[in-house]
Amino acid sequence: MSDGSKMEYNFSLIEKKWQEDWKKNQVYKVENDFSRPKYYVLDMFPYPSGAGLHVGHPLGYIASDIYARYKRLKGFNVLHPMGYDAFGLPAEQYAIDHGIHPASSTEQNIENFRSQLDNIGFCYDWSREVRTCEPSFYKWTQWIFLQLFDSWYDHKKNKAEPIKKLQLIFQRNGNRECPCPGDGSIHFSEADWKSFDDRRQQEILMLYRLAYCGYGEVNWCEALGTVLANDEVINGVSERGGFPVVKKKLRQWYLRITEYADRLLDGLNKVDFSDAMKEMQSNWIGKSEGAEITFEVVSNDMLNSELKVYTTRPDTIFGVDFMVVAPEHELIESITTNSEKKSVETYIAYVKSRSERERMAEKKISGCFTGAYAINPFDKRKIPIWISEYVLAGYGTGAIMGVPCGDERDHKFAMHFNISITNIIGRYYTGETANPTKDAVLENSDFLNGMIMKDAIPVVNNELEKRGMGKRKVNYKMRDAAFSRQRYWGEPFPIVWKEGIAHALPVNELPVELPYLDDLKPGPGGEGPLANLDEWKRYQEGIREVNTMPGYAGSSWYFFRYMDPHNKEVFCDRNISDYWNQVDLYIGGTEHAVGHLLYSRMWTKVLFDLGFVSFDEPYKKLVNQGKIGGDSRLVYRVHGTNEFVSAGLKDIHHTDEIHVDVSIVDGIELDISEFKKLKPEYDDATFILENGKYYCGSRLEKMSKRYFNVVNPDDIVLKYGADTFRMYEMFLGPVEQDKPWDTKGIEGVHRFLKKFWRLFFDDIKGKVWTEEQPTDAEWKILHKTIKKIEEDTERFSFNTAVSAFMVCVNELHDLKCFKKPILEPLVIMLTPYAPHISEELFHILGNSTTVLNATFPDLKDQYLIESSKNYPVSVNGKVRTQLDIRLDATQEQVEKLIHSNEIIAKWLDGKSPKKIIYVRNKMINVVV
RNA sequence: GCCCAGAUGGCGGAAUUGGUAGACGCGUCAGACUCAAAAUCUGGUUUUCGCAAGAAAGUGCAGGUUCGAUUCCUGUUCUGGGCACCA
């Protein structure tokens with residue numbers, strides 16, 4: 001390269017040159033070097049959609065890239081990989097609609113993603129790339145699934161254990177010490193167990209397995225031959241075609257994630273996630289502590305059966321005026337009296353006719369009396385048992401005790417059906433609305449009278465347990481996660497069915513490869529497309545599982561595979577996972593709060609329990625990047641005409657607004673000639689202008705093709721370069737925050753980089769940088785900047801770090817400081833933010849090695865001590881002077897400074913200060 | 001309805017632990033260079049009053065704590081996000 005071409009900042013040349021160099025020399029390849037301190041920076045890997053990346057997507061990637069490069073400069077061995085979450089529904093839908101096989105559309109999309117990512121200059125170690133749809137990857141997805149299938153949760157040890165151990169326990173003790181998580185009503189002795197045939201034994205084991213197959217309710221549409229999602233069913237008929245849809249119990253695979261509810265909740269205390277994220281996860285888990293109370297039931301004047309209810313407020317037991325059971329409750333048939341039979345049947349038929357949607361949307365009060373009564377276990381009062389859809393079958397026992405004075409829903413129900421209300425909280429209940437307080441003193445409550453409600457809770461619990469009428473109980477909102485899909489584009493299950501019993505395939509037969517299938521129509525009886533492949537289905541004397549795993553299977557463990565991506569023997573070598581350990585920094589969107597993040601946390605805990613890894617929380621710190629919104633541009637057409645009116649004048653006409661492509665608008669000014677070319681109908685459009693210009697309206701909304709507001713990073717990189725793009729995305733605002741994209745603002749950052757370049761080369765003079773020794777003032781600028789950039793990078797405040805660079809360069813320009821001892825550390829500090837220009841300048845300064853091997857510059861304290869401002873104030877009659885001092889000042893330096901400070905010296909008048917108070921590490925109060 | 005987060009110039013945002021509010025950038029105004037434009041450089045830019053020096057007000061709203069509050073506390077309004085008959 002000649003000196004002449006170095007004169008001006010030619011970003012496209014520089015970026016191309018260094019990207020090729022990085023690739024050729026495999027600069028970012030990472031070794032599993034156990035002798036070095038490690039740091040693991042991970043992005044949530046993308047789903048390679050056909051739309052490609054817009055400027056919003058790389059935000060998190062840039063932040064993690066900066067941090068990874070920063071940690072590398074700090075001397076860490078940094079694992080920073082990337083891959084693709086490549087299995088899933090959208091690719092399959094696309095295939096069905098467009099006739100392209102998901103394997104090839106996925107391949108194409110990945111290629112496109114890769115070129116877009118490469119453009120931005122990330123430091124990923126691509127030799128560790130993973131794709132969840134590759135057999136070499138999903139072999140281990142299947143293998144981990146088999147570990148889940150072969151395990152159960154031992155509540156005594158509070159961990160997962162191999163199912164073999166459970167079989168031994170059953171042989172010795174039956175299940176009296178291991179209550180069945182799948183069906184609490186199953187009890188058997190060791191003798192019973194031995195008497196069960198193999199089939200029965202396997203059925204029972206299935207109820208314990210962490211990955212299990214059971215029956216769940218789904219929307220089944222016979223005419224379409226498929227299962228439909230809730231939102232595809234409207235008023236009991238299918239959205240497409242209007243065919244009848246019925247609720248049907250179908251065989252489904254599940255993850256028994258509920259067994260990990262407590263540990264998933266507790267684990268939140270030892271990870272660094274945002275409070276909002278922790279909140280979302282703990283709400284989803286929905287732990288509540290209460291009691292399960294058993295009521296005797298009288299029907300047709302005879303003692304009939306028992307009804308269990310779950311309540312978090314056992315203290316209100318004497319305020320119970322009615323019981324409500326869910327319409328699906330199994331007791332309904334047996335307890336309904338002859339006289340009520342008809343109305344109960346009518347009510348249940350009504351409930352069944354309503355879709356989940358209607359039920360949730362309307363929330364109207366409905367219900368029906370069963371004719372039966374429950375007996376209050378303490379005062380033996382008869383309590384009517386009702387049925388209502390506001391009680392959910394799936395939570396607690398599917399039955400509640402109605403306490404109208406304390407619960408608003410119960411109150412509304414009682415008012416609606418004219419049930420008399422017992423007041424147990426005195427003046428706290430006005431008769432108008434319920435009061436859920438725990439602070440009231442109980443009345444009308446037998447042995448609890450005079451007690452404060454919250455104190456009464458343990459008293460009642462003790463009494464219930466003493467009398468055997470109930471017990472303390474913890475409940476969770478979280479349900480087991482459905483794990484099978486009747487779809488093609490996913491991992492096949494390594495399972496074979498023989499006579500109704502699921503068998504794991506031997507590990508040496510993994511992976512079970514997904515057979516190539518052209519026609520992706522569903523199979524018979526609600527099964528997936530794989531069911532159409534008779535030959536593939538048959539496996540010895542059994543039949544393969546034809547469902548596939550859901551999209552979240554591969555993403556639940558992929559972070560392990562990056563550590564040891566090419567291992568053919570295990571999913572990840574234990575020594576290697578011990579070294580890389582937890583992901584130190586995980587960056588991704590909030591949309592995965594309760595899906596991916598919970599599943600991957602659970603899988604890690606299982607692998608930990610079974611001894612395959614040494615930690616049970618996968619992510620040490622999680623940062624959620626915000627979304628970048630599109631800034632749409634709107635034009636206004638006078639209704640019914642072809643005349644467009646400028647935004648400021650739109651209100652005086654009756655107009656329709658139309659989105660216009662942001663690329664033909666400069667700021668808010670429309671390029672009318674470009675606009676006319678958009679559509680033939682616009683060709684003869686007329687315009688009402690303001691000041692001779694057509695101004696567009698604007699609106700912030702989601703970046704989407706539909707709104708013509710998508711900005712492609714490729715276009716930005718082409719115009720301004722990757723370094724400008726990276727820095728601008730960071731400069732936009734805090735990483736965690738949602739913010740709008742504004743292409744105009746990018747000029748400022750671009751100017752900064754050009755100015756940075758001019759510290760080295762002048763347009764006219766050429767080379768300006770020298771080997772000269774800097775002055776103290778110049779050192780101070782450098783050290784101030786090092787400190788600021790280091791602190792800001794460390795605390796993820798990349799926007800203020802970029803500002804600090806700008807300030808520094810402006811100051812150096814003002815001082816005309818082009819000295820190598822100042823410039824070189826600056827280039828190194830800029831590396832994480834703008835890697836290409838840094839490499840080039842570092843190379844020019846005469847270092848033969850790349851910036852990669854450089855270290856983040858050390859601080860020299862002596863240039864940091866300075867006094868800034870001081871404020872004399874009067875506190876409680878004493879005169880104080882406050883003094884701002886650099887953070888790192890030592891006691892000695894402070895005292896020296898105090899005596900040399902003009903104002904303080906005047907106050908002191910030669911005497912010593914009475915007192916020096918360190919208010920903060922930055923503020924010092926001197927009392928005279 | 002419940003839970004969480006936020007509200008600062010024309011705009012994006014800064015102020016790290018209570019210490020000169022508005023860093024940095026955009027936009028804009030004025031000037032330099034230029035025949036002109038681009039690029040670059042210099043200066044101004046919270047509001048009101050003032051020729052100016054300067055003065056007063058000012059971080060959604062109303063209070064409170066403090067020598068001092070964008071920051072802490074109480075109440076309130078609005079905006080964004082999450083959950084939603086979970087007993």
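Throughout, a chain's letter reflects where its sequence line sits, starting with A, and its residues are numbered from 1. Every value quoted in this text rests on a predicted model; they were computed, and no experiment measured them.
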Undergrad: For the C1' atoms, the ones on B/U16 and on B/G1, what distance do you get once it is rounded to whole angstrom?
TA: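 Nearest-Å result for B/U16 against B/G1 at atom C1': 38 Å.
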Undergrad: Does A/A482 have any side-chain contact (heavy atoms from CB on, under 4.5 Å) partners at least two apart in sequence or in another chain, and if so, which?
TA: A/Y254, A/R485
Undergrad: Below 30° counts as parallel, above 60° as perpendicular, anything between as tilted: where do the rings of A/H592 and A/H596 land?
TA: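 Ring orientation of A/H592 relative to A/H596: perpendicular.
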Undergrad: Which part of the nucleic acid, if any, lies within reach of A/S288 when heavy atoms closer than 4.0 Å are counted: base, sugar-phosphate only, or nothing?
TA: sugar-phosphate
Undergrad: Could you check which of B/G25, B/A87, B/A15 has an atom nearest any side-chain atom of A/T800?
TA: B/A15
Undergrad: Taking atom P in both B/G64 and B/G80, compute the distance separating them and give it to the nearest angstrom.
TA: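 These two P atoms come out 32 Å apart once rounded.
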Undergrad: Please produce a list of atom pairs where a protein N or O lies less than 3.5 Å from an N or O of nucleotides 1-4 of chain B.
TA:
from: B/C3; atom 1: O2'; to: A/E279; atom 2: OE2; distance (Å): 2.7

Undergrad: For nucleotides B/U17 and B/U66, find the distance between their P atoms and express it as a whole number of Å.
TA: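 Their P atoms lie roughly 23 Å apart.
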Undergrad: Can B/G9 be described as syn, meaning its chi torsion is within 90° of 0, or is it anti?
TA: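 Base orientation: syn.
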Undergrad: Contact between A/S288 and A/Y310 at the side-chain level, heavy atoms closer than 4.5 Å - yes or no?
TA: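 Touching, per the 4.5 Å side-chain cut-off.
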Undergrad: Figure out the CG/P separation between A/N624 and B/G82, and round it to whole Å.
TA: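 Going from CG in A/N624 over to P in B/G82 covers 13 Å.
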Undergrad: Give me the distances for all protein-to-nucleotides 6-13 of chain B N/O pairs that come in under 3.5 Å?
TA:
from: B/G12; atom 1: O2'; to: A/L732; atom 2: O; distance (Å): 2.8
from: B/G13; atom 1: OP1; to: A/Q737; atom 2: NE2; distance (Å): 2.7

Undergrad: Can you name the residues that form a salt bridge (Lys or Arg N to Asp or Glu O under 4.0 Å) with A/R751, not counting sequence neighbours?
TA: none
Undergrad: Using atom C1' of each nucleotide, how far apart are B/U59 and B/A7 to the nearest Å?
TA: 9 Å
Undergrad: Is NZ or CZ of A/K767 both nearer than 6.0 Å to the six-membered ring centre of A/W769 and within 45° of the ring axis?
TA: yes
Undergrad: For A/F731 and A/F798, what are the C-alpha separation, side-chain angles and deciding distance, and is it a ring pair (Phe, Tyr, Trp, His ring centres under 6.0 Å)?
TA: CA-CA 7 Å; A/F731 185 68; A/F798 302 127; over 10 Å; no
Undergrad: Taking pairing as Watson-Crick or G-U wobble with both contacts under 3.5 Å, can you name the mate of B/C51, or confirm there isn't one?
TA: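 B/C51 is unpaired by these criteria.
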Undergrad: Scan nucleotides 38-45 of chain B against the protein and return all N/O pairs shorter than 3.5 Å with their distances rounded to 0.1 Å.
TA:
from: B/U40; atom 1: O3'; to: A/R758; atom 2: NH2; distance (Å): 3.2
from: B/C41; atom 1: OP1; to: A/R758; atom 2: NH2; distance (Å): 3.0

Undergrad: Counting only Watson-Crick pairs (N1-N3 plus N6-O4 or O6-N4) and G-U wobbles (N1-O2, O6-N3), all under 3.5 Å, who is the partner of B/U40?
TA: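 Matched B/U40 with B/A32 under the 3.5 Å cut-off.
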Undergrad: State, without any angle test, whether A/Y728 and A/D723 hold a side-chain donor-acceptor pair at a distance under 3.5 Å.
TA: no
Undergrad: Give none if B/C11 has no partner; otherwise give the nucleotide forming a Watson-Crick or G-U wobble pair with it, both distances under 3.5 Å.
TA: B/G25
Undergrad: In Watson-Crick or G-U wobble terms, both distances under 3.5 Å, what is the partner of B/C83?
TA: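 WC or wobble partner is B/G1.
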Undergrad: To the nearest angstrom, how far is A/I457 atom CD1 from B/A87 atom C1'?
TA: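 After rounding, the gap between these two atoms is 13 Å.
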Undergrad: Compute the centroid of each ring, for A/F413 and then for A/F322, and state whether the two points are separated by less than 6.0 Å.
TA: yes
Undergrad: Taking the same atom, P, in B/A15 and in B/U71, what whole-Å distance lies between them?
TA: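 Roughly 15 Å separates the two P atoms.
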Undergrad: Does A/K719 qualify as a cation-pi partner of A/F725, given the criterion of NZ or CZ under 6.0 Å from the six-membered ring centre and within 45 degrees of its axis?
TA: no
Undergrad: A/H329 NE2 to B/A87 C1': how many Å, rounded?
TA: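 Rounded to whole Å, this separation is 13 Å.
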Undergrad: Could you state the atom-to-atom distance from CD1 of A/I789 to P of B/C24 in whole Å?
TA: 14 Å
Undergrad: Set out, line by line, the N/O atom pairs under 3.5 Å between protein and nucleotides 70-75 of chain B.
TA:
none

Undergrad: Can you check whether A/F818 and A/F760 have ring centres sitting under 6.0 Å from each other?
TA: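 No: the rings miss the under 6.0 Å criterion.
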Undergrad: Does any donor atom in the side chain of A/E289 or A/T312 lie under 3.5 Å from an acceptor atom in the other side chain?
TA: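 No - no donor-acceptor pair under 3.5 Å links their side chains.
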Undergrad: Which nucleotide, B/G25, B/A87, B/U16, lies nearest any side-chain atom of A/M806?
TA: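 Nearest listed nucleotide: B/G25.
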Undergrad: Considering every strand and a 4.0 Å limit on heavy-atom distances, what is the contact class for A/N810: base, sugar-phosphate, or nothing?
TA: sugar-phosphate
Undergrad: Indicate, with a heavy-atom threshold strictly under 4.0 Å, whether A/K788 touches base, sugar-phosphate, or nothing.
TA: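 Touches a base.
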Undergrad: Both distances below 3.5 Å, Watson-Crick or wobble geometry, any strand: find the nucleotide opposite B/G75.
TA: B/C61
Undergrad: Using Watson-Crick or G-U wobble geometry with both distances below 3.5 Å, tell me the partner of B/U70, or none.
TA: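 Across any shown strand, B/U70 pairs with none.
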Undergrad: For the residue pair A/N709 and A/S632, confirm or rule out a side-chain donor-acceptor distance under 3.5 Å.
TA: yes
Undergrad: Take atom NZ of A/K784 and atom C1' of B/A23, then tell me their distance rounded to the nearest Å.
TA: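 Those two atoms, NZ and C1', are 11 Å apart.
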Undergrad: One pair to check against salt bridge (Lys or Arg N to Asp or Glu O under 4.0 Å): A/D315 and A/K454. What are the steps and the verdict?
TA: CA-CA 7 Å; A/D315 52 311; A/K454 55 184 165 206; over 6 Å; no
Undergrad: Tell me: CD of A/E811 to C1' of B/C24, nearest whole Å?
TA: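 About 12 Å, once rounded to whole Å.
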Undergrad: Looking only at atom C1', what distance separates B/G22 and B/U46, rounded to whole Å?
TA: 8 Å
Undergrad: Where each residue is assigned the nucleotide of RNA chain B containing its nearest heavy atom, which of A/M280 and A/T397 is assigned the position nearer the 5′ end?
TA: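 Mapping each residue to its closest nucleotide by heavy atoms, the 5'-most match is A/M280.
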Undergrad: Does a side-chain N or O of A/Y395 approach OP1 or OP2 of B/A87 to a distance below 4.0 Å, or not?
TA: yes
Undergrad: Could you tell me how far apart A/E328 (CD) and B/C85 (P) are, to the nearest whole angstrom?
TA: 14 Å
Undergrad: Can you tell me, in whole Å, how much space there is between the C1' of B/U70 and that of B/G60?
TA: 12 Å
Undergrad: List the steps, then state whether ring pair (Phe, Tyr, Trp, His ring centres under 6.0 Å) holds for A/F11 with A/Y720.
TA: CA-CA 8 Å; A/F11 55 84; A/Y720 299 101; 7.7 Å; no
Undergrad: Specify the residue among A/I746 and A/K477 whose closest nucleotide of RNA chain B lies further upstream toward the 5′ end.
TA: A/I746
Undergrad: Under 4.0 Å between a Lys/Arg side-chain N and an Asp/Glu carboxylate O for A/K816 and A/D814?
TA: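 Salt bridge between A/K816 and A/D814, a charged N being under 4.0 Å from a carboxylate O: no.
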Undergrad: Should the pair A/H750 and A/Y9 be assigned to parallel (<30°), tilted (30 to 60°) or perpendicular (>60°) ring geometry?
TA: tilted
Undergrad: Using whole Å, report how far CE of A/M730 lies from C1' of B/G25.
TA: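 Rounded to whole Å, this separation is 15 Å.
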Undergrad: Which whole number of Å gives the distance between the C1' atom of B/U47 and that of B/C41?
TA: 30 Å
Undergrad: Can you find a heavy atom in the side chain of A/Y70 that is under 4.5 Å from one in the side chain of A/E790?
TA: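 They are in contact (side-chain heavy atoms under 4.5 Å apart), so the answer is yes.
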